[in-house]
2 protein chains.
Amino acid sequence: MRVLAVEDDQRIAADLKTALEAAGFLVETCEDGEDAWFLGDTESYDLVILDLGLPGMDGLSVLKKWRANGRDMPVLVLTARGAWTERVEGIDAGADDYLPKPFRMEEVIARARALIRRSAGRATALQSAGELTLDANRMSVAIRGVPVPATALEYRLLSYLMLHRERVVPPTELLEHLYGDDDAREANALEAVIARLRRKLGPGVIGTRRGFGYFLEGSGA
Amino acid sequence: MRVLAVEDDQRIAADLKTALEAAGFLVETCEDGEDAWFLGDTESYDLVILDLGLPGMDGLSVLKKWRANGRDMPVLVLTARGAWTERVEGIDAGADDYLPKPFRMEEVIARARALIRRSAGRATALQSAGELTLDANRMSVAIRGVPVPATALEYRLLSYLMLHRERVVPPTELLEHLYGDDDAREANALEAVIARLRRKLGPGVIGTRRGFGYFLEGSGA
DNA sequence: TCCGACCTGACAGGACGCTGACAGAGAGCG
DNA sequence: CGCTCTCTGTCAGCGTCCTGTCAGGTCGGA
């Protein structure tokens with residue numbers, strides 16, 4: 001899961017990054033409204049966390065421009081305490097949720113997870129496809145109920161496939177969401193991760209559609 | 001849009017009903033946990049607004065039981081001020097959003113709209129012509145509902161014919177679309193692909209109009 | 001009947017994806 | 001600070017499946 005955190009206070013930004021990464025997200029940060037707009041418009045994120053008070057371009061304007069361009073990733077807005085009119089404005093501008101400052105990191109994590117789940121139309125933290133089950137709270141993986149140790153990278157991969165379980169996910173898209181654009185890896189890195197996961201999970205969990213990409217077996221068709 | 005508001009404080013419940021109805025929703029209210037569980041489990045709502053402090057059955061338990069039964073309508077949870085652990089619990093139990101009391105009615109409306117907007121969508125990318133069905137999500141092909149293994153190239157060919165099912169597609173156009181201009185193949189390459197496909201799909205799926213091109217049978221052409 | 005358009009089976013080269021080995025980076029720890 | 005252990009990207013090699021080509025065969029129209 002790839003997250004963009006837009007926050008000009010460097011201390012808060014660093015805390016966000018740490019907490020989100022500990023929760024298994026791939027985090028990119030950005031401190032400026034113009035940069036944020038550009039990144040959100042050109043890159044593909046599963047979630048954006050957006051501070052409203054920004055240098056460069058105001059957060060609300062950034063959000064409105066994204067929505068006007070048809071970008072529909074979930075956006076979690078950070079507002080100053082008590083500025084509830086700002087919150088309503090934010091939601092009307094297309095935000096999916098807001099959080100008043102100061103906030104607990106636990107809350108950010110919980111809301112981030114909820115937003116990502118909801119953007120896929122699912123409700124609970126426990127998700128399964130076939131014999132595979134992911135627990136977003138514990139970042140744990142189980143096959144037929146038996147826990148399987150998985151590294152952070154492996155979990156990210158599985159959780160992205162789970163989020164898009166109804167379709168075949170192209171390797172380029174997986175690479176982008178696992179690593180981000182800045183440090184691209186060779187396609188083979190992905191194959192290596194898949195191979196290691198398959199060894200752990202056994203056959204019949206991760207499927208390949210040659211020429212198209214990967215998918216979770218037993219999830220619909 | 002049909003909304004269930006679960007709230008034991010009658011004054012708040014009335015305010016909610018008024019505000020939501022003014023915003024164009026069809027609102028039903030309920031003051032008791034047991035009733036709420038029954039209604040949410042048997043009726044179909046576009047949104048549920050759920051107070052956590054309830055007589056009868058606790059709001060969190062109601063929510064969990066709904067989710068356990070596979071009910072996945074969006075749920076907006078109302079929590080006491082400052083009880084952020086409760087909020088995190090609520091979200092983990094499957095809530096899609098929460099709102100701390102006291103709240104402004106404008107906020108409820110805005111969030112209700114956002115939640116319903118989010119939960120919409122989700123289209124299946126199925127296309128069919130005659131007895132042939134293509135699933136753009138799974139990149140899969142089925143004939144009379146029976147899945148047929150198809151390679152990437154074969155799928156691309158079928159999907160192009162499907163896109164232009166109302167007309168006969170000339171071989172030159174198919175070649176161009178399948179391979180691009182740069183590396184052209186002999187016309188026979190296309191014929192080979194068609195032949196392999198016909199063997200898999202059986203007769204009466206891909207038609208030939210001698211001297212003009214190919215088309216999908218049973219699709220008006 | 002003749003010709004060109006199209007079909008088909010066989011085949012080989014190659015693209016694609018999988019795997020095991022290896023090493024560098026980083027975290028944890030004494 | 002140095003050691004160890006885990007994680008993970010890279011590389012090389014391998015097997016499998018795909019697919020273009022070729023050499024015929026078949027069909028349809030004039």
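Chain A is the first sequence line, chain B the second, and so forth, proteins listed ahead of strands; every chain is numbered from 1.
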- Task: Give a yes/no answer on whether the side chain of B:T151 brings an N or O atom under 4.0 Å of OP1 or OP2 in D:dC17.
- Result: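 No, B:T151 has no side-chain N/O under 4.0 Å of OP1/OP2 on D:dC17.
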- Keeping the roles fixed (side chain from B:D135, backbone from B:L126), state whether a donor-acceptor pair exists under 3.5 Å.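 Looks like no, no N/O pair under 3.5 Å.
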query: Between A:W66 (side chain) and A:W37 (backbone), is there a donor-acceptor pair under 3.5 Å?
result: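 Between the backbone of A:W37 and the side chain of A:W66 there is a qualifying donor-acceptor contact (under 3.5 Å).
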Nearest-Å distance for atom pair [atom1]/[atom2], residues [X] and [N]:
{"X": "B:Y179", "N": "D:dC18", "atom1": "OH", "atom2": "P", "value": "14 Å"}
{"X": "A:E191", "N": "D:dC14", "atom1": "CD", "atom2": "C1'", "value": "13 Å"}
{"X": "B:I194", "N": "D:dC27", "atom1": "CD1", "atom2": "P", "value": "19 Å"}
{"X": "A:E186", "N": "D:dT8", "atom1": "CD", "atom2": "P", "value": "18 Å"}
{"X": "A:L153", "N": "D:dT8", "atom1": "CG", "atom2": "P", "value": "5 Å"}
{"X": "A:L175", "N": "D:dG9", "atom1": "CG", "atom2": "P", "value": "10 Å"}
{"X": "B:L190", "N": "D:dT21", "atom1": "CG", "atom2": "P", "value": "12 Å"}
{"X": "B:R196", "N": "D:dC17", "atom1": "CZ", "atom2": "C1'", "value": "11 Å"}

Between D:dC18 and A:R210, counting only base atoms on the nucleotide and side-chain atoms on the residue, is there a donor-acceptor pair under 3.5 Å?
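Per atom types, no contact qualifies.
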* **Side-chain donor-acceptor pair present, A:Q127, A:R165, cut-off under 3.5 Å** =>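 Yes, a side-chain donor-acceptor pair sits under 3.5 Å.
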Q | From CA spacing to verdict: side chain to side chain contact (heavy atoms under 4.5 Å, CB included), A:Y214, A:I194 | A | CA-CA 9 Å; A:Y214 299 95; A:I194 297 267; 3.9 Å; yes
Note to self: Base, sugar-phosphate or nothing for A:R199? Non-hydrogen atoms, less than 4.0 Å.
What the structure shows: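 The answer is sugar-phosphate, as A:R199 gets under 4.0 Å only of primed atoms, P, OP1 or OP2.
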Is any side-chain N of the basic residue among A:K101 and A:D51 closer than 4.0 Å to the acidic one's carboxylate O?
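Looking at A:K101 and A:D51, the cut-off is met.
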Practice task
Using a strict 4.0 Å threshold on nitrogen-to-oxygen distance, state whether A:R167 and A:E173 make a salt bridge.
Solution key: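 Salt bridge between A:R167 and A:E173, a charged N being under 4.0 Å from a carboxylate O: yes.
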**Terminal contacting nucleotides, 5' and 3', DNA chain C versus chain B (heavy atom, 4.0 Å)** =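 It runs C:dG4 to C:dG9.
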Report yes or no: is the cationic atom of B:R209 (NZ for Lys, CZ for Arg) under 6.0 Å from the centre of the six-membered ring of B:F215, at an angle within 45° of the ring normal?
->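 Yes; both conditions hold, so B:R209 lies above the ring face of B:F215.
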Here's a test of your reading of the structure: between B:N188 and B:K200, which maps to the more 5' nucleotide of DNA chain D?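 It is B:K200, whose closest nucleotide lies nearer the 5' terminus.
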Residue closer to the 5' end of DNA chain C, B:F212 versus A:A195 (nearest nucleotide):
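Residue closer to the 5' terminus by nearest nucleotide: B:F212.
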